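Computed over heavy atoms, backbone and side chain alike; hydrogens, waters and symmetry mates excluded. It should be emphasised that the depicted structure is a prediction, and the values quoted were computed from it without experimental measurement. In what follows, every chain begins at residue 1, and chains take the letters A, B, ... in the order their sequences are listed.
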There are 2 protein chains.
Amino acid sequence: MPHCHTLIERLRQRGYRITPQREMVIETIAHSGRHMSAEEVYEEVHRRAPSTTLSTVYRTLDFLVSEGLACKNDLGGGHVVYATIRHGPHLHLHCRRCGRVYQVELAPLLEELGRQTQERYGFTADLQHLSISGLCADCRET
Amino acid sequence: MPHCHTLIERLRQRGYRITPQREMVIETIAHSGRHMSAEEVYEEVHRRAPSTTLSTVYRTLDFLVSEGLACKNDLGGGHVVYATIRHGPHLHLHCRRCGRVYQVELAPLLEELGRQTQERYGFTADLQHLSISGLCADCRET
DNA sequence: TTTACTGCAAATAATTTGCAAAACT
DNA sequence: AGTTTTGCAAATTATTTGCAGTAAA
C-alpha cells in the first residue's frame, strides 16, 4: 500500500524519526481504510510487536494528528476514532447501536451549512470531519 | 420560574420521588437557560446544600435524560453538557476555543440533511441535538 | 412502612505524564 | 554522540457502582 509510505516519507522530510512503532501505527490505520480506536490500533500493533505499549500508540496517533496526517474524531460517549486523511471533507455517520462509522459524500449540503452558520452567526464550523449519530439501516430493522 | 415546576410536576405524576437534591438540580439547569456540565451543576447545588454529592448530580441528570426531560450533549474532548428540553430541534454551535455553546435555528437545513442521509444511506440521523464544533465570532478575531 | 434515593468510598475507563533507558540519524 | 522516542508505572479526569443508611410517599 503506497499511502502509508507517503505519510512516512512526509514525516521523514520534516525531520522526525521513524521508529518501528510509528511505522506500524501508520501502516495499521492507513491499511484499514476505516476509523479505528486507539485500542484497536494497539491490538494490531501489539500483536506484531508485543513490546509496544498503549501509551506509545496514543502518542503516535496524537502526533499524526498534530502533523495534519490523521484526523481524530470524537463520536461521543467515550468513542474516539482515528483515520489517516486522504479524502476531502466528508460526513461521518456514526451508528449509535453497532458503532460503525460510515463515510459519506454530502459536500454540497455541508458547504451550505457552513455558509449559513458563517453568515448568520459568524461561526466558522469545522466541517472537515463532522460526525452525526443515529441508527444505520441494518440496526434500524432489528 | 415556572419551567422547573412543570418538570417537577411531571416527575411527580409519573410516580417518582421529589427530593431536595432533584429539585435543586432541576432548578439549576432550568434557570440557567444554557448548557451546563455536571460539575457546574454540582458546584451550584453544592453551594446551596453542601451535603449533596457529585454522584447524586450525575444520577439525577441521567435520570432526567432517561425521562426525556433533559438532553445530554457530548461535545467531544470530554466536554459533556446538559440542558432541559423546552425548544424543538436545534443546532448547537460549540466553540472549540472558549467552550461556549450557541443554540441556533437552522431547522430547514437540518431537515434536509436528515432527509438525505435517510434516502441515500438509510441512516436515521439524530438531529434533535446535533452539535458542531468550530470557532465563534469572538474567538475568530483574536 | 416501604423501597426509592442518597452519601460515601472505592472501582472504572480512557488518556496522559515523568523519568530513565533505548534507539533513530 | 546527541537528541528524540519509548516503556513503565503512576497520575489524571470523568463517570459509575455497591452498599448500607435516610427519607419521600
Undergrad: Compute the angle between the rotation axes at the two ends of the helix from C:dT1-D:dA25 to C:dT25-D:dA1, each taken over five pairs, rounded to 10 degrees.
TA: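 That helix gives 30° between its end axes.
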
Undergrad: Between C:dT17, D:dA23, C:dG7, which nucleotide has the shortest distance from any of its atoms to the side chain of B:Arg17?
TA: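 That would be D:dA23.
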
Undergrad: Do the side-chain N or O atoms of A:Ser51 get closer than 4.0 angstrom to the phosphate oxygens (OP1, OP2) of D:dG7?
TA: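 Answer yes for this pair, as a side-chain N or O of A:Ser51 is under 4.0 Å from OP1 or OP2.
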
Undergrad: Rounded to the Å, how far apart are A:Leu75 CG and C:dA14 C1'?
TA: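 So the CG-C1' distance, A:Leu75 to C:dA14, works out to 14 Å.
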
Undergrad: How many Å lie between CZ on A:Arg14 and C1' on D:dT4, as a whole number?
TA: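 So the two atoms are 17 Å apart, to the nearest Å.
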
Undergrad: Think A:Thr56 has a side-chain N or O under 4.0 angstrom from the OP1 or OP2 of D:dT6?
TA: no

Undergrad: Picking from C:dC19, C:dC5, D:dA25, which would you name as closest to the side chain of A:Arg59?
TA: C:dC19

Undergrad: Which comes earlier along DNA chain D counting from the 5' end, the contact point of B:Pro20 or that of A:Thr52, where each point is its nearest nucleotide?
TA: A:Thr52

Undergrad: Pick the nucleotide of DNA chain D nearest each of B:Val80 and B:Thr19; which residue has the one closer to the 5' end?
TA: B:Val80

Undergrad: Could you list who else is in B:Leu135's hydrophobic cluster, with ILVMFWY side chains joined at under 4.5 Å, directly or through other members?
TA: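 Reading the cluster by chain and number, B:Leu135 sits alone, since nothing else belongs.
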
Undergrad: Tell me whether the side-chain N/O atoms of A:Thr53 come closer than 4.0 Å to OP1 or OP2 in D:dG7.
TA: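 Indeed, a polar side-chain atom of A:Thr53 lies that close.
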
Undergrad: Please confirm whether the ring centroid of A:Tyr42 lies under 6.0 Å from the ring centroid of A:Tyr58.
TA: no

Undergrad: Starting at OH of A:Tyr16 and ending at C1' of D:dT5, how long is that distance when rounded to a whole Å?
TA: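 Those two atoms, OH and C1', are 13 Å apart.
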
Undergrad: Is the shortest side-chain N/O distance from B:Tyr58 to OP1 or OP2 of D:dT16 below 4.0 Å?
TA: no

Undergrad: For A:Pro50, answer base if it contacts any base atom (sugar-phosphate contacts may also be present), sugar-phosphate if it contacts only those atoms, and nothing otherwise; contact means non-hydrogen atoms under 4.0 Å.
TA: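 No contact at all - A:Pro50 keeps every heavy atom at 4.0 Å or more from the nucleic acid.
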
Undergrad: Counting the atoms with a prime plus P, OP1 and OP2 as sugar-phosphate, which does A:Asp74 contact under 4.0 Å by heavy atoms, base, sugar-phosphate, or nothing?
TA: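 No contact.
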
Undergrad: Rounded to whole Å, please give me the gap between CD in B:Glu23 and P in C:dC5.
TA: 14 Å

Undergrad: Would B:Glu40 and B:Arg34 satisfy salt bridge (charged side-chain N to carboxylate O under 4.0 Å, His left out), going step by step from the backbone distance to the final call?
TA: CA-CA 11 Å; B:Glu40 286 174 320; B:Arg34 61 188 183 88; 3.8 Å; yes

Undergrad: What heavy-atom pair brings B:Ser131 and B:Asp74 nearest, and what distance separates the two atoms?
TA: OG-O, 4.2 Å

Undergrad: For the pair A:Glu27 and A:Arg22, find out whether any cationic side-chain nitrogen is under 4.0 Å from an anionic carboxylate oxygen.
TA: no

Undergrad: Out of C:dA9, D:dT6, D:dT15, which nucleotide sits closest to the side chain of B:Ser55?
TA: C:dA9

Undergrad: Give me the one residue out of A:Thr60, A:Leu69, A:Val41 that meets side-chain contact (heavy atoms from CB on, under 4.5 Å) with A:Ile29.
TA: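 Per the side-chain contact (heavy atoms from CB on, under 4.5 Å) rule, the option paired with A:Ile29 is A:Val41, out of A:Thr60, A:Leu69, A:Val41.
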
Undergrad: Quick one: is D:dT5 close enough that its OP1 or OP2 comes under 4.0 Å of any side-chain N or O from A:Arg22?
TA: yes

Undergrad: Grab the CG-P distance between A:Leu54 and C:dT16 for me, whole Å please.
TA: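 Rounded to whole Å, this separation is 10 Å.
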
Undergrad: Enter the distance from B:Arg17:CZ to B:Arg12:CZ here, rounded to the nearest 0.5 Å.
TA: 12.5 Å

Undergrad: Among A:Thr28, A:Asp62, A:Asn73, find the one that has a side chain to side chain donor-acceptor pair (under 3.5 Å) with A:Tyr82.
TA: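 Of A:Thr28, A:Asp62, A:Asn73, side chain to side chain donor-acceptor pair (under 3.5 Å) with A:Tyr82 is met by A:Asp62 alone.
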
Undergrad: Measure the distance from CG on A:Leu11 to P on C:dC24 and round it to the nearest whole Å.
TA: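 One finds 15 Å between P of C:dC24 and CG of A:Leu11, rounded.
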
Undergrad: Closer than 4.0 Å, any side-chain N/O of B:Gln21 to the OP1 or OP2 of C:dG7?
TA: yes

Undergrad: To the nearest angstrom, how far is A:Arg12 atom CZ from D:dT5 atom P?
TA: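 Result: 12 Å.
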
Undergrad: Write down the distance between NZ (B:Lys72) and P (D:dA14), rounded to a whole number of angstrom.
TA: 14 Å

